[in-house]
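These numbers were taken from a predicted model, which means no experiment stands behind them. Read the numbers this way: they start at 1 and go in the same order the structure lists the ligands and their atoms. Sequence positions, counted from 1, serve as the residue numbers for this chain.
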Amino acid sequence: MKQFKVTLVAFILLIGSFARADEGMWFLMFIDRLNQRDMQKMGLQLTAEEIYSINNHSLKDAIVQFNGGCTAEVISKDGLLLTNHHCGYDAIAELSTPETNYLKNGYWAPSKKEELKPQSLYVRFFVRMDDVSKRILAKVNAGMTEAEREKAINQEIALIEKENNEGGKYTVSVRSFFQGNEFYYFVYQDYKDVRLVGTPPESVGKYGGDTDNWEWPRHTGDFSMFRVYADANGNPADYSTSNVPLKPKRHLKVNISGVQENDFAMILGYPGRTNRWMPAGGIEQNVKFAYPAWVEGSKTGMDAMKKYMDQSDAVNLIYASKYAGVANYWKNRQGMIDALSKFQTAKLKAEQEAKFNKWANKAENKAKYGNIVATINNYYKLTNEKSRHDNYLQQLLRTSAFGTIARTLGRQLSGYATADAAKQVEMRPEIEATIKAFFQEMYLLAEKDILKAQLALYATKSIGYTIAPSVSKIGSDYDKYVNSLFALSLFTSEEKLMAFLDLPSEGMVTNDPIYVLSNDLILHLSSKSDEIAKAQNDYQASFRLLVEGLRESKMAPIQYPDANSTLRLTYGKVRSLPADKRNDAKVNFYTTMDGLVKKYKAGDAEFDLPARMLEMHKNKDYGQYADNKGYMPVCFLTDNDITGGNSGSPVLNGKGELIGLAFDGNIEAMAGDVIFDDKLQRTINVDIRYVLWLIEKFSGAKHIVDEMNVIK
Ligand code: ARG
């Protein structure tokens, strides 16, 4: 019965020409036209202009993209930034040592002087955007191959970037929407001096670990705080002690009056990638070929890392961030396989495509659209085995530090070897720094195991497709092979590499056995047969036409473009999730500190808690942050439409005030990348009251809360 209902909802979404109020990652430029009235009906008290305006300061000025892959928001007039713990994780680990372990123990800078600068961390402010579809599409025609098309488009993009970057002041990015049917450019300003202000201990910021990741009910204090620094004029500047906190155009007010079910909630942020327009064949390929290989490949890397991470704090700090990133998508992809299979999403999409195909083959549409569904299906059929192979190989390259060495350090070293003496002197400091960093960021014994395990998996499981030549030559003794690679290679010895800089020769790099392997793997991943290359070319053109045709025929299931790391708005409400087997929530939209303490397991890697937290819970030491019902809030659910990249996004009430911090999705709705399910899809948020409680009461950093504009 349940499954039938879910299927029905999904089906209506697919064939209906309407979108649910809470579905959609909307484009800021069009919210006055598309969404404003609907949002106001649901409880928004702002105008579209107050959210996004090109000419006046608006809410959008408080939202930044955080280090390329997350979102953060400005919450004080001194450039204070709030984002997730898992977004700050890499920087926090980098700033930690076994002796001063901020990842493990947390950190709060007593004053601005003690705010900590990680090596590289940047935030990106959004300045403006505009439509350049007509201009770009005027440069292409239907007779072009995809490569010719791409070239023509890139030429125009280069011009647009140059015209709008004001001599390098701005970063300009032109993005394609609706599979290359529309183009918009985005103007950004990047700030590179971003410092850690504070973080809870990992036991709080990552409470529940991978067991609770992607799950509701949730009790994770997933936040960390940073600050943007600028030069005296407020312009971006490289790190300097003379830099000052940025005076932002806009910062968010923080509202601690609490959330109720059905309250309006909107989220502004940078969703990375969705595939809501993906054809049935693509879903099928992912479920049966790509994702199972992804899951197995990432787990293989994770297990090899974990063995060594558990042995010492030092090795743990080296791999913690990499491991968390791999584990995050390991669980996500398995969740996608399960959800897409359970809801038969590929079948639903295939039915929709069959309908579309009828329309496409009507006399008046046939010339343009008649073949596209067949072309798309042919491409997937032809590439199923390759996609399995590619995913095993990609996980090898992702988890092994040596996998991509030919493109990183290897390329630098061969460039150095072929440079003239003067140039070498100039290049040397940077290369020495890269070598040092390379050895600091990996542990040789772990790397040996990762590579052995990944090569064995890749070679034996990529059935149905030709594996890379250098791997097929290994035979079956991967231990012996990797041991000898490690013994012979330059790249496994910091000493040998430093000595190489005194007496460089290109051949020593390009004939190095690890370099040869890495180069071969990378080349093999990008190489394809003429047959596949042709099918891919036709597929790309057909997918673009499919999206155009779905929109033209009014058979499009949705009206918004796929996420592509551009700023979007999603709105909906605070909303509970029906309990089911996988989730023991008592139909609550929130969790409490009682629930958090109930999960506590002393000494556990995922569910341990600081003694101080337990003590404060016992004394109900919640200060002004308790809910008026008496409980201490921890997390809550909304039905907003988000995906990876939205992590750290602000959850805002009808007045645009901060009530929470988005940090996760729920496993029941893992099909959400491909299809939004109104009944199941939720956003998991940390309640801002828990964040402020952790800062002020638990960590004693009241001065940070005092910086904010807190509304009760
Ligand atoms: N699922 C979260 C996201 O994709 C990341 C949570 C990180 N936590 C973890 N246990 N790996 O944004």
* For Asp664, take its heavy atoms, then give the atoms of ligand 1 lying under 4.0 Å from any of them. =>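 By the 4.0 Å cutoff, the relevant atoms are 1 (N), 2 (C).
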* Select one of side chain, backbone, both or neither to describe which atoms of Asp210 lie under 4.0 Å from any atom of ligand 1, heavy atoms only. =>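 The answer is both.
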* To do: Examine the proximity of ligand 1 to Phe663 and report which part, side chain or backbone, both or neither, has a heavy atom under 4.0 Å away.
  =>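 Contact part for Phe663 vs ligand 1: backbone (N, CA, C, O).
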* To do: Determine yes or no for a side-chain-to-main-chain donor-acceptor pair under 3.5 angstrom, with Glu447 supplying the side chain and Ala401 the backbone.
  =>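 Yes; at least one donor-acceptor contact below 3.5 Å.
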* Do Glu202 and Tyr89 meet the criterion of a side-chain donor-acceptor pair at a distance under 3.5 Å? ->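 Side-chain D/A pair, Glu202 to Tyr89: present.
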* Check whether any heavy atom of Gly209 sits under 4.0 Å from an atom of ligand 1. =>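 Within the 4.0 Å threshold, so yes.
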* **ligand 1 to Lys206 polar contact by distance, N or O atoms, under 3.5 Å** =>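 No; the residue has no nitrogen or oxygen that sits under 3.5 Å from a nitrogen or oxygen of the ligand.
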* Is the shortest side-chain N to carboxylate O distance from Asp310 to Lys306 below 4.0 Å? ->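 Yes.
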Got the closest protein heavy atom to [atom], with its distance?
atom: atom 12 (O) of ligand 1; value: Ser647 OG, 2.7 Å
atom: atom 6 (C) of ligand 1; value: Asn213 OD1, 3.2 Å
atom: atom 5 (C) of ligand 1; value: Asn328 OD1, 3.4 Å

* Asked: What about the rings of Phe402 and Phe438, do their centers lie closer together than 6.0 Å?
  ->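 Aromatic pair counts; centres sit under 6.0 Å.
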* Asked: With a 6.0 Å cut-off on ring centres, are Tyr207 and Phe607 close enough?
  ->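 Distance test on ring centres: under 6.0 Å, yes.
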* So, do Asp303 and Lys307 sit near enough that their side-chain heavy atoms are less than 4.5 Å apart? ->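 Contact flag for Asp303/Lys307 side chains = no.
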